[in-house]
Amino acid sequence: SQKIEQNSEALNIQEGKTATLTCNYTNYSPAYLQWYRQDPGRGPVFLLLIRENEKEKRKERLKVTFDTTLKQSLFHITASQPADSATYLCALDNTGGFKTIFGAGTRLFVKA
Amino acid sequence: DAGITQSPRHKVTETGTPVTLRCHQTENHRYMYWYRQDPGHGLRLIHYSYGVKDTDKGEVSDGYSVSRSKTEDFLLTLESATSSQTSVYFCAIKPGQGDTGELFFGEGSRLTVL
């Protein structure tokens, strides 16, 4: 069955460092991959989308890579800030894109 | 703001009672989704809709039904609630043709089934 794996352990880093989150998937050929941010008690908020033919995408302090051979995406937050503390969700869509499936998310804590 | 409103935001009910959650959108988007979120499982798709009266099942549809009689409203019904359906339910919309692009989520409906 299709599976998305994100590190279930929380990631704790110091302010100013780069946070790197991992998303691995199996039994899936996504047309594109997305990253969302979720704060406690709130709905997820879209951050970035990367297509299968793109290797890397950037938006301000965020960078996403997508390796369809390794079936892996890395999500980087550079110069991290305490305000970046949240849960980050990886999501995949296949061709057609009618169903988006999500990983369980990784909790990030940025310490001042 | 994607103009998505979920109601009720919080509900406590008893096992065996029917429950309906409502998702209302103001921008006439064609694609609407219902997810549930549980610790350790993340977001799981229950049902989705690609137009009025057009719906399909997601990965965890057992025990749930949906209806979409108007573009703006997508209803999720638990015919007979069970404790395993205690969860946070999120509605989402996908702008455009639905074949690409991000989801916009509501604020969630927290359901507790005693």
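Chain letters run A, B, ... following the sequence lines, proteins first, then strands; residues in each count from 1.
Linking ILVMFWY side-chain heavy atoms closer than 4.5 Å, directly or via other members, places A:L21 and A:L92 in a single hydrophobic cluster. Hydrophobic clustering (side-chain heavy atoms under 4.5 Å, transitive across Ile, Leu, Val, Met, Phe, Trp, Tyr) groups A:Y88 together with A:L62. A:L33 and A:F102 fall into different hydrophobic clusters, where Ile, Leu, Val, Met, Phe, Trp and Tyr side chains are chained together by heavy-atom contacts under 4.5 Å. With hydrophobic clusters built from ILVMFWY side chains whose heavy atoms lie under 4.5 angstrom apart, A:L49 does not share a cluster with A:I77. Follow the hydrophobic side-chain contacts under 4.5 Å out from B:Y64 and you reach B:V19 in the same cluster.
Of the inter-residue distances, the one linking A:Y36 atom OH with B:L103 atom CG reads 4.0 Å to the nearest 0.5 angstrom. Atom CZ in B:R44 sits 13.0 Å away from atom CD1 in A:I101 (nearest 0.5 Å). The line from CD of B:E102 to CD of A:Q34 is 7.0 Å long, rounded to the nearest 0.5 Å. Considering OG1 of A:T100 and OH of B:Y33, their distance stands at 5.5 Å, rounded to 0.5 Å. With rounding to the nearest 0.5 angstrom, the CG atom of A:L89 is 6.0 Å from the CG atom of B:L43.
Within a 6.0 Å sphere centred on NZ of A:K57, other residues, nucleotides and ligands contribute more than 12 heavy atoms. In A:Q14, the CD atom is crowded: over 12 heavy atoms of neighbouring residues, nucleotides or ligands sit closer than 6.0 Å.
Of the atoms belonging to A:Q38, it is side-chain heavy atoms, and not backbone ones, that fall under 4.5 Å from chain B. Using a 4.5 Å cut-off between heavy atoms, B:Y48 touches chain A through its side chain atoms alone.
Taking the ring centroids of A:F46 and B:F105, they lie at or beyond the 6.0 Å cut-off.
A:A104 and B:H41 make their closest contact through CB-C, 4.1 Å (heavy atoms, listed as atom of the first residue, atom of the second, distance). Nearest heavy atoms, A:R42 versus B:F90: O-CZ, 3.6 Å.
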